[in-house]
Each structure stands twice: as C-alpha cells, then as structure tokens.
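Because the structure is predicted, anything quoted here is derived from the model rather than measured. Naming convention: chains lettered A, B, ... in sequence-line order (proteins, then strands); numbering from 1 in each chain.
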Number of protein chains: 4
Amino acid sequence: MKKVDAKDKLLEAAERCLMEKGSHAASVKAIAAMADVNHGLVHHYFGSKEGLFIELAKEHLKITTPLKTVATENEVIDFLEETVFFYSRMMVELRALSYQMPELNNVLINILKERRKNLQEILNIDDEQAVILISSVAGLAFQAGLDTSMKLKDALRKVFNLIN
Amino acid sequence: MKKVDAKDKLLEAAERCLMEKGSHAASVKAIAAMADVNHGLVHHYFGSKEGLFIELAKEHLKITTPLKTVATENEVIDFLEETVFFYSRMMVELRALSYQMPELNNVLINILKERRKNLQEILNIDDEQAVILISSVAGLAFQAGLDTSMKLKDALRKVFNLIN
Amino acid sequence: MKKVDAKDKLLEAAERCLMEKGSHAASVKAIAAMADVNHGLVHHYFGSKEGLFIELAKEHLKITTPLKTVATENEVIDFLEETVFFYSRMMVELRALSYQMPELNNVLINILKERRKNLQEILNIDDEQAVILISSVAGLAFQAGLDTSMKLKDALRKVFNLIN
Amino acid sequence: MKKVDAKDKLLEAAERCLMEKGSHAASVKAIAAMADVNHGLVHHYFGSKEGLFIELAKEHLKITTPLKTVATENEVIDFLEETVFFYSRMMVELRALSYQMPELNNVLINILKERRKNLQEILNIDDEQAVILISSVAGLAFQAGLDTSMKLKDALRKVFNLIN
DNA sequence: AATGAATGAGGTTTCATTCAT
DNA sequence: TATGAATGAAACCTCATTCAT
C-alpha cells in the first residue's frame, strides 16, 4: 500500500548519511547512491542540496515530536535517549552544514526554539530548565559519539533528576 | 620580542577559521589566506591538513589547562565560560573533521578523557559529575551558537549549582 | 555515422599523449585538453587516471590482436613493425605509470602473458622464441625512439630470421 | 681513505630511486631523503634535477664500460646480465625523464651510440648485430621487470648464440 | 519522473626551485 | 657547504549544479 518514492528514499538516505558518515561525507552523489536513486532527482525534488537538508530538518522535527505528555521517570528517560539524543546528533551535523547554507541556518534556529517549547510542555518544566536539559542531552550525545564506553542512560537519569 | 612565524600563524588561523566559518570552510587555502601565508607551508610544517588539526587539538588542550585549582563560584563560572565553552565549540568542529581523519579522531578521544580528569581535579568533583558538567557546557555552547539571545552565563551558573 | 563520444576521445588522446609526450606529460588535464573534453569526464567515465589507463591497456591489447595467422615473411615483418612495435612503445609508457598504479601493474602483467601466447600462435613459434622475439622488438622500438636514424625494418627482418 | 661526500651520495641515491621506485617517484626530495642529504644540495651541486640525471647518465656509462674484452661465452653472458641488463633498466627510466629534459635527451642519444660502439669492440660483432643484441637485452630486461618468472639467463644465452 | 553527460570551481597535495642564513 | 623556509604552478580528484534527452 505504502509506496516509498524517490523523495522519501532521499530524505531517509540523507539522514543515514549524516548520522553514519558525518556532514563532510554527505555529498549529493553519496546520498543518492545510498538511496539507490539518480542524483539528479535531488535537484528535481528539492531544488538544491540545501533544500534537501531543510526538508530533512523540518521532517525530523515533526516526526520526533511525541504525541502525548510522557509521565513516569522511565518514560522520560527513554524519551530523552531515543528522541532528544538522536535529534541532537543530527542537529550537530545540520549545524555544520548550515554555515554555508543561510536558509538552513534560519530553519535550524526556529526548530531549536520550537523544540525547547515542546520540551517544556512534554516534561512540564520551565524555559530555563528546558535549555539546560536539552543542552545537557545534546552534549552527552556528542560525547557519547566519541567515548563509546560512556554510560549514557545513567547520565541521562542523573541529569533529569538534577533538573527536576 | 616574540617572533610569530608561519607555523604559529597557521595554527592561529586554523582556530579562527574553524570557529568563525565552521569546519566546511576551513580549507587549507582558506586557512593559509587567513594566516597570510603560502598554502604550501601547511604541508611543509604539518605534513597534511590532518596534521595541522592534530597539532591544533593538542595545542589547544595544553593552553586551556589552568595551572591552579579555581576556588570561588565566580571563578568557576568564568572558567566554564572562557575555557570549557570555547573548548567545546572547537571540539564540535574538530569532531566534524575527524570523521574523515582517523588519527585526529584518536587524538580527540584522548583529549576528551584528559579533559574530564582535568576538570575533576580543578573543580573537585567526581567522574560522573564531570561528564555531566562538560556535556552540559558543551551543549550550551552549541546552542548559544545558534541562539544568540541565550543568557549563557546564567545557564552556566545554574548548571554548576545543580551539579554541586 | 559513427558518433565519437567523450569516452573514446579520451582513450584516443591518452594514447597519443603517452606516445608523443611520454608518461610524465600524460596528465589528466593534458589528456582532456588534447581530447578537447572537460577534464572532469576522466573521473566520470573511468573513476580515476589509473582507470583510464587500465581501459586503454585492455583496449589496446584487443585491437592489436590480428584475426588470422600471418603467412609470408613480409606480412610478418609488417605485423612486427605495426603491431608489436607500437605495442611495445606504449607498454614502456604504461609500465612507467604502473609503479604508482598497482591495479594497472597487474593488468600489464596479464597482458604481457596473453601477448606472448598470442604471438606464439600467430607466428607458430615456441614460448622461448616468443619471449626473445617480443623482447627484441620491444628493445628495438625503444632504441628507435632515441635514435631516429635506425633502420628499424631491416633490424626487424634480421631478428625474425635469426629466430626462425 | 675514500670520503663519500654529498655529491656521490646523491648520485647513488638517484640511481637506486630510479631503479627501485621508477622515474615518477624520483623526486628531488625523495632522492635527497634516500641519500640522507639536504635537498638543497641537489641544486647546489647539479644546478637542477636535470643536471643530476645528466651526471648520473654519464657516470653510469663510465662505470659500466668493461676495461678489457670479454672472451668466453660465460663471460659474455655474465657481462650481458650484469652490465647491459642493468644499464637498460636505467636507460628506460632516464628516457622517461628525458621527454621533459632536452639536454638529458641529447646526452642519452650520445650514450646510446657510444654504448653500441663499445659493445661491438667488446664482443667483436658488427654494428647491426650490436643493435639487435643491445635491443634484445634491453627488451628482456624490461620484460623481466614485469614477469618475475622469466628465466633471464637462459634467454640471454639464446640471444647471444642466435646472433653469433 | 528520471537519466547521466557535462561543466567549472575548488579541494588536498606534490613538486622543482629559490633564497636568506 | 649546508639548511630549511618559502613560493607558485600543477598534479589528481570531488563536488554541486545544469541540462538535453
């Protein structure tokens, strides 16, 4: 029933490429190859490389928004690990690209604000707490990428308890 | 009295280039131009682009290590802002490059460990606290790069108080 | 009728460049310029400079294989002059490149073996004779490149008669 | 008693570099490194890279000239293998360089003629025989470089007997 | 919607050479 | 005699983008 077309395949490949190989390896041809799609379609569908990443950023914001408020501590920790963590990793990669892509830069700024507001509602915390929480998780995500021995879940739990 | 030679100029320019324009704009030619130095000297002094960034990373670790333990809360906040913040911003850029530079990657991993140990001693905290603190500051640094309205100092103070 | 596309033009130019200017002058840009084709197409079609020369080597082996056994002495001499001679000159240039191109090196080794077998069949001689014949012609080709006064055809005739 | 100075070390290294790595790898810096000598000395002593190879070519001609006529067949074969063979290998490398070095090219042409005359005297053969012999040995040398399984000595013996 | 040839700018790196010391 | 910093051209290659089909 669900037909996966080239556009979706490109978005999915762009995400994987960023996460697995980093922003420097995420060339149009590399993404198209990973998506098993002709590279010309990137411009056909998104106008430019920047257009692809803008759509990815927006798409990503959407799909990582939980539908309901999380409640128990364990649910919160899982949410932080699965969603915020992943989101932060991608944010770092998109940010690296955004230095050369002014429009993407604006999109990222807006997404960041929305995410913070979103986090406040979900976790029922104030803005300053949200800033710190989101930052901490982003920082942990970044460090975990370098130090594979890090006990991420424990750190996340600690951070959350500190803030709450 | 102190003669600034091409090697130092290149290291300094590499740092500025990374911080001001991001890893994607930090090309050998751009760095050499910023240093007002012939681009061939990058290979003359460092062997490769990777060599330059490895030396930058090591140099950076060295110069950001404080000589004595910081004492008052304000000293701590200043230290976090001036040193850890800056260090984190650069770490993000070097990390982006390290995906394509295996040796730099190893250097970064070691620096991360040393920094954590170093932070423990300076601030008299345990390892888990150091992980969280360094991550939080790194995350805040990253966010502050996107959201210029963020009150960084307040956030840093809050983070430090939470952990202590 | 026959459309000569960029790929063929590049192969033809690579051959001419090698033969007329030598391996050191056969740069990607020089070949592309001689082919009157954008230099990026070398990588588009062949992946690398090495890829271009590998295809040239294989192509060359193919087109210099005679379809039938040569018979009279004059036919043999002509064959030696036109085919083996030219083949040897190119082999010297490709060999110079192959020191830096491991895959090309393997291709050349295989081509050499095939050529020897091929020569045995065409001229109805044994393997040792083929080695000597092919070597002598190659050597003569090389010397003729330096000494333009050499009477190549006479020398070839002498060599062939010696071996037969 | 015999002091090996930088000049001799450079000549020796240039020869080794050519033979072991090929003309494309024989850069001024590579040769100087192999000689364990500062690269500036190449220009100091020889004026240019070309100057170094010209002196090497002349030097080489000199030292490979036997002082007396060889007599027995085995002596001849040894002479062909040790001297002509080695000389041919180097000639191929110098020839590759000579495309870009007009003066070296002239030197090589003269050396070739002298060698042929020299070979006539040593082996007591006529000019045409000398051409063929020298060519065959050069060709065999070249092929032996690619095909390590070749029985060089047997082939040399055969060639010599054919000509005689 | 899809393909892949083509382009030109710019990436890292190597190189011969010059020159001040 | 010897050193190594410095230069600029040119090497191979990658890339985003355009466009005819």
Side-chain angles (χ1 to χ4, degrees), chain A residues 5-7 10 24-32 36-53 97 100-101, chain B residues 5-7 9-10 24-33 35-53 97 100-101, chain C residues 5-7 9-10 24-33 36-53 97 100-101, chain D residues 5-7 10 24-32 37-53 97 100-101:
Chain A
D5 62 1
K7 203 174 170 185
L10 280 170
H24 285 264
S27 70
V28 168
K29 286 236 169 91
I31 292 169
D36 203 26
V37 143
N38 186 279
H39 71 269
L41 295 185
V42 169
H43 291 85
H44 183 70
Y45 283 119
F46 303 101
S48 68
K49 185 184 179 182
E50 183 170 11
L52 166 62
F53 285 116
L97 293 167
Q100 326 274 336
M101 298 175 176
Chain B
D5 61 2
K7 198 175 174 186
K9 283 204 272 183
L10 281 170
H24 285 264
S27 72
V28 168
K29 282 200 174 147
I31 291 169
D36 202 26
V37 143
N38 186 282
H39 71 268
L41 294 184
V42 169
H43 297 88
H44 183 66
Y45 284 117
F46 305 101
S48 67
K49 184 184 180 182
E50 183 171 11
L52 167 60
F53 285 116
L97 294 168
Q100 327 276 336
M101 299 175 174
Chain C
D5 61 1
K7 200 176 173 184
K9 284 204 273 183
L10 282 170
H24 285 265
S27 71
V28 168
K29 282 213 171 129
I31 292 168
D36 201 25
V37 141
N38 186 281
H39 70 268
L41 294 185
V42 169
H43 297 90
H44 183 65
Y45 284 116
F46 305 101
S48 67
K49 184 184 180 181
E50 183 169 12
L52 167 60
F53 285 115
L97 294 169
Q100 326 277 335
M101 299 175 175
Chain D
D5 61 1
K7 203 174 172 185
L10 281 170
H24 285 265
S27 70
V28 169
K29 286 235 168 92
I31 292 168
V37 144
N38 185 279
H39 71 268
L41 295 183
V42 169
H43 291 86
H44 183 71
Y45 283 119
F46 304 100
S48 68
K49 185 183 178 181
E50 183 170 12
L52 166 61
F53 285 116
L97 293 168
Q100 327 274 334
M101 298 175 175

Report the distance from atom [atom1] of [X] to atom [atom2] of [N], rounded to the nearest whole Å.
X      : N      : atom1 : atom2 : answer
C/D36  : E/dA5  : CG    : P     : 18 Å
D/L97  : E/dC15 : CG    : P     : 13 Å
B/H24  : F/dT14 : NE2   : C1'   : 14 Å
A/Q100 : E/dA9  : CD    : P     : 18 Å
B/K9   : F/dA6  : NZ    : P     : 8 Å
A/L52  : F/dA16 : CG    : C1'   : 12 Å

Residue-phosphate contact under 4.0 Å: [X] side-chain N/O, [N] OP1/OP2:
X     : N      : value
D/Y45 : F/dT1  : yes
C/H43 : F/dT14 : no
A/N38 : E/dA2  : no
C/S27 : F/dA11 : yes
C/K49 : F/dC12 : yes

> About how many Å separate CG of D/L10 and NE2 of D/H44, when rounded to the nearest 0.5 Å?
Replying inline: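 Taking NE2 in D/H44 and CG in D/L10, the distance rounds to 11.0 Å.
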> If you measure from NE2 on A/H43 to CG on A/L52, what distance do you get to the nearest 0.5 Å?
Replying inline: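 Rounded to the nearest 0.5 Å, the NE2-CG separation comes out at 9.5 Å.
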> Is there a Watson-Crick or G-U wobble partner for F/dA20 with both distances under 3.5 Å, and if so, which one is it?
Replying inline: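 Matched F/dA20 with E/dT3 under the 3.5 Å cut-off.
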> Starting at the 5' end of DNA chain E, which residue's closest nucleotide do you reach first, B/A26 or C/V37?
Replying inline: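 Its nearest nucleotide being more 5', the pick is C/V37.
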> Which residue, D/S48 or C/K7, contacts DNA chain E at a nucleotide closer to its 5' end, judged by nearest heavy atom?
Replying inline: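 It is C/K7 whose nearest nucleotide is closer to the 5' end.
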> Is C/F46 touching bases, backbone alone, or none of the nucleic acid, heavy atoms closer than 4.0 Å?
Replying inline: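 No contact.
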>> Using heavy-atom distances to pick each residue's nearest nucleotide on DNA chain F, tell me which of B/L41 and C/G40 is more 5'.
In response: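 Going by which nucleotide is closer to the 5' end, it is B/L41.
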>> Restricting to non-hydrogen atoms, name the atom on B/A32 and the atom on B/N38 that form the minimum distance, rounded to 0.1 Å.
In response: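 For B/A32 and B/N38, the tightest heavy-atom pair comes out as CB-C, 4.1 Å.
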> What is the minimum heavy-atom distance between D/A30 and D/A25, and which atoms define it?
Replying inline: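 Reported closest heavy-atom pair: CB-O, 3.6 Å.
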Any idea which of [options] is nearest the [X] side chain?
X     : options               : result
B/H39 : E/dT17, E/dT14, E/dA5 : E/dT14
B/H44 : F/dA10, F/dA5, E/dA16 : F/dA5
A/K29 : F/dA6, F/dT17, F/dA2  : F/dT17

>> Within the 4.5 Å heavy-atom criterion, are C/F46 and C/V28 side-chain neighbours or not?
In response: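 Of all side-chain heavy-atom pairs linking C/V28 with C/F46, none is under 4.5 Å.
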